[in-house]
Amino acid sequence: MSENIQHITVALPGGEQKTVPPGTAARELLLPAHKQAIAARVNGKVLDLSHPLTVDCTLEPVLPTSPEGLDVLRHSSAHLMAQAVKRLFPHVQITIGPVIDSGFYYDFKHDQAFTPEDLEKIEAEMKKIVAENFLVTREEILRDDAVRMFHDMGEHYKAEIIASIPANDVISLYRQGEFVDLCRGPHVPATGRIPAFKLTSVAGAYWRGDERNEMLQRIYGTAFATEKELKQHLALLEEAKRRDHRRVGKELDLFIFDPIAPASPFFLPKGTFIYNELIAYIRTLYKRYGYQEVLTPQIFDVDLWHRSGHYENYKENIFFTEIEGRTFGVKPMNCPGHTYIYAAKKRSYRDLPLRIADFARLHRFERSGVISGLTRVRSFAQDDAHIFCTPEQIEAEVNGVLRMVTEVYRTFNFTEMRFDLSTRPPKRLGDDATWDRAEAALAAALAANGIQYRINAGDGAFYGPKIDCIVFDALRRPWQLATIQLDFQLPERFDLRYTNSEGHEVRPVMIHRAVLGSLERFFGVLIEHCGGDFPLWLAPVQARILTITESQDAYAHHICEQMQQAGVRAEVDLRNEKLGYKIREAEVHKIPYMIVVGDKEVSSATVAPRGRKGEKIPALTVPEFIARVAAESVPGGAP
RNA sequence: GCUGGCGUAGCUCAACGGCGGAGCAACUGAUUUGUAAUCAGUAGGUUGUAGGUUCAAAUCCUAUCGCCAGCUCCA
């Protein structure tokens, strides 16, 4: 047992190697050079700085600015918050406090609700604990001892969590000052290392996320490596508020909501214009991509929903109505209706693929707590279509849909996209050979389009695998919009057939697909993406003519008429106001072109356009201006 | 649905047991104006709805409708 053969070799960043006795803390090797580190990465695993190194390993610092470091920081912030809460509200029980995308939260058992004033107090206490700069230490303890310990402390939720961990496991505790919490870590070495945090909101949450359990109080917060990043994050939240489609929709007179029809938008003329343009744009693509549009009933005998399986699986979301003793369901989806169009005549393989598109209104009952603006409504339409094809055609069809999806999102200036391929779930319909072929076809179609994708194993629907398209808006928030789903079940349930080339009757495959998804939801996302500055082709008013005095009224009317005749959506502002006032108003209404006309323009028969961002555009003749608008006013044209 | 918060003029918000206000918008008048707000005046309300407490309710209580945040990110 000679001491000197028990040395370990640690590889540090930059190729440096050190030989140290086992048990040396990671911190000691990192410290002089990497004092910013808040954790250590040992053989790729993120651990405490105090972690004793026992075997040969690679060692890297984890900085608070790295994604892993930020997680550590936020997790420690959650503990910091829990400590502050326990100081201020000793009777409160702690439960769990994980890291989330935008920060962290901690759930507490507290009989009263936390108020915004409480949050301020808690935040102040957190700052105090940071100043006290407690060491954060880790210790290991047997499970049963931990259960007893938390039980004795009156932390019954904590004890319950620990009791659900296997009996022989060693578990870890983290201590900072008087506060101790069960946690697997890692954590920052001391509370003084948490520089920038903010508590953002408080809300109810169920114990273990189950609505049958009792309700806890959840406090959300966020933390960053620097004050500057925290400010940036808070500014982003402000910007998101400013762009909120509910606010923009009101300001720009796009749509309203009224309690008389909860979660069902009333589109005003300007909003309806944009809505219809979205449909018109998709229709132009349908011509190129070979879709045929249909109109189908709004309500169907409940028999349809029994046969399709919706009654069994989706009843809670369907509006029912009764008349003449018959029960009808208002359609939440178009697919069952479309099977009737398919089945209306005998189909041959020569008829396939059959692509049926439908912009029909759909109604789904959504629980009152989940509805929100245009993004979660009870009344909406989709750019929905169903493709009936042979199994051999799946890849080519999905390929076509993917091409359309990428074209559409490019048009709307969504530059970032992600695709997820969801494969067979444990509980499913159909044989493995069919699933093999279907999943392979989807993967091949993705590959054919050069699309990188993630696999969500087991996340497919029970009736078939699917591809979801997630787009990121200007604030980098993800939205799941387009979807492509294979379906082997509905053709079965509705006994759909076609005659193949050998004369046998066989089942077609159904592909459900939407590109924009719900038009309402897409509209909402588009508003937030562009902040209300719609591209020229979608702007309800493209140009507003602003006069300086009433002596230009006749000219303004004349050129407005000219523009309208040429298809430019123009209007005049003849009000007896100063130019600055009219400009401000047009600016606030996000009108793309302001056309200033004074005596100068009248005498030279020109216009002086101004862009909505204040860009000065040299004087143009009216035909020149019209040509400019016409050139820019196409999908994918001027932003 | 559940937890919490909030419903006051068209919009954004004050008043928080004691006569419901302001800014913007609207309307009227004056001003005729050159690139983000000219001035003055007028009108606008059973305080979401229904009950209750009180001498007195926008304010306190109950119910109801609606809106907002959250309720899957697992020590």
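Worth saying up front: this structure is predicted, and the values here are computed from it rather than measured.
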Touch class at under 4.0 angstrom, heavy-atom based, for A/F257 against every strand present: nothing

Sugar-phosphate only, base, or nothing, as touched by A/G598 at under 4.0 Å among non-hydrogen atoms: base

Touch class at under 4.0 angstrom, heavy-atom based, for A/G373 against every strand present: sugar-phosphate

Spacing between A/I141 atom CD1 and B/rA75 atom P, to the nearest angstrom: 18 Å

From CZ (A/R378) to CZ (A/F365), nearest 0.5 Å: 4.5 Å

NZ or CZ of A/R428 within 45° of A/F462 ring axis and under 6.0 Å: no

Stepwise salt bridge (Lys or Arg N to Asp or Glu O under 4.0 Å) check, A/E585 with A/R575: CA-CA 12 Å; A/E585 186 135 305; A/R575 288 175 304 172; 2.8 Å; yes

Partner nucleotide, any strand, of B/rU8 [Watson-Crick/G-U, under 3.5 Å]: none

Touch class at under 4.0 angstrom, heavy-atom based, for A/A159 against every strand present: nothing

B/rU53: pairing nucleotide in any strand, Watson-Crick or G-U under 3.5 angstrom: none

Residue-phosphate contact under 4.0 Å: A/Y581 side-chain N/O, B/rA25 OP1/OP2: yes

Inter-nucleotide C1' distance (B/rC24, B/rG17), Å rounded: 31 Å

Distance under 6.0 Å and angle within 45° of ring axis: A/R628 vs A/Y593: no

base_contact_polar (B/rC2 base, A/Y206 side chain, donor-acceptor, <3.5 Å): yes

Sugar-phosphate only, base, or nothing, as touched by A/I171 at under 4.0 Å among non-hydrogen atoms: base

Other residues, nucleotides, ligands: >12 heavy atoms within 6.0 Å of A/K198 NZ: no

Touch class at under 4.0 angstrom, heavy-atom based, for A/G580 against every strand present: sugar-phosphate

Residue A/S372, side-chain heavy atoms: nucleotide from B/rC73, B/rA69, B/rA75 that is nearest: B/rA69

Sugar-phosphate, base or nothing in reach of A/K582, heavy atoms under 4.0 Å: nothing

A/Y220 OH to B/rC68 C1', straight-line distance once rounded to whole Å: 14 Å

Sugar-phosphate, base or nothing in reach of A/V202, heavy atoms under 4.0 Å: nothing

N or O in side chain of A/R247 less than 4.0 angstrom from B/rU12 OP1/OP2: no

Residue-phosphate contact under 4.0 Å: A/K578 side-chain N/O, B/rC39 OP1/OP2: no

A/K250 side-chain proximity, nearest of B/rC65, B/rU12, B/rG70: B/rU12

Sugar-phosphate only, base, or nothing, as touched by A/I162 at under 4.0 Å among non-hydrogen atoms: nothing

Sugar-phosphate, base or nothing in reach of A/E601, heavy atoms under 4.0 Å: base

Any strand: nucleotide that pairs with B/rU64 via Watson-Crick or wobble, under 3.5 Å: B/rG48

C1'-based separation of B/rG4 from B/rU42 [nearest Å]: 43 Å

Nucleotide opposite B/rA36 in a Watson-Crick or G-U pair, distances under 3.5 Å: none

Whole-Å C1' distance, B/rG52 and B/rU59: 15 Å

Which residue lies more 5' along RNA chain B, comparing A/R184 with A/R246 via nearest heavy atoms: A/R246

A/V588 vs A/L182, nearer the 5' end of RNA chain B by closest nucleotide: A/V588

A/K109 atom NZ, neighbour heavy-atom count above 12 within 6.0 Å: yes

Base-pairing mate for B/rC27 - Watson-Crick or G-U, with both contacts under 3.5 Å: B/rG41

Sugar-phosphate, base or nothing in reach of A/D181, heavy atoms under 4.0 Å: nothing

Rounded C1' spacing from B/rG5 to B/rA75 in Å: 30 Å

Base of B/rG70 paired with side chain of A/Q217 (donor-acceptor, under 3.5 Å): no

Selection from B/rG66, B/rU35, B/rA75 that lies nearest to any side-chain heavy atom of A/I165: B/rA75

Whole-angstrom distance between B/rG41 and B/rA22, as gauged at atom P: 12 Å

Assigned partner base of B/rC16, Watson-Crick or wobble definition, under 3.5 Å: none

Over 12 foreign heavy atoms within 6.0 Å of NE2, A/H557: no

Rounded P spacing from B/rG45 to B/rA58 in Å: 16 Å

Paired nucleotide for B/rC2 [Watson-Crick or G-U wobble; both distances under 3.5 Å]: B/rG70

Nearest-Å distance once atom C1' is located in both B/rC11 and B/rG18: 30 Å

Atom P, compared across B/rC39 and B/rA69: separation rounded to whole Å: 37 Å

Full working for side chain to side chain donor-acceptor pair (under 3.5 Å) between A/E125 and A/Q83: CA-CA 9 Å; A/E125 191 64 36; A/Q83 183 175 12; over 6 Å; no

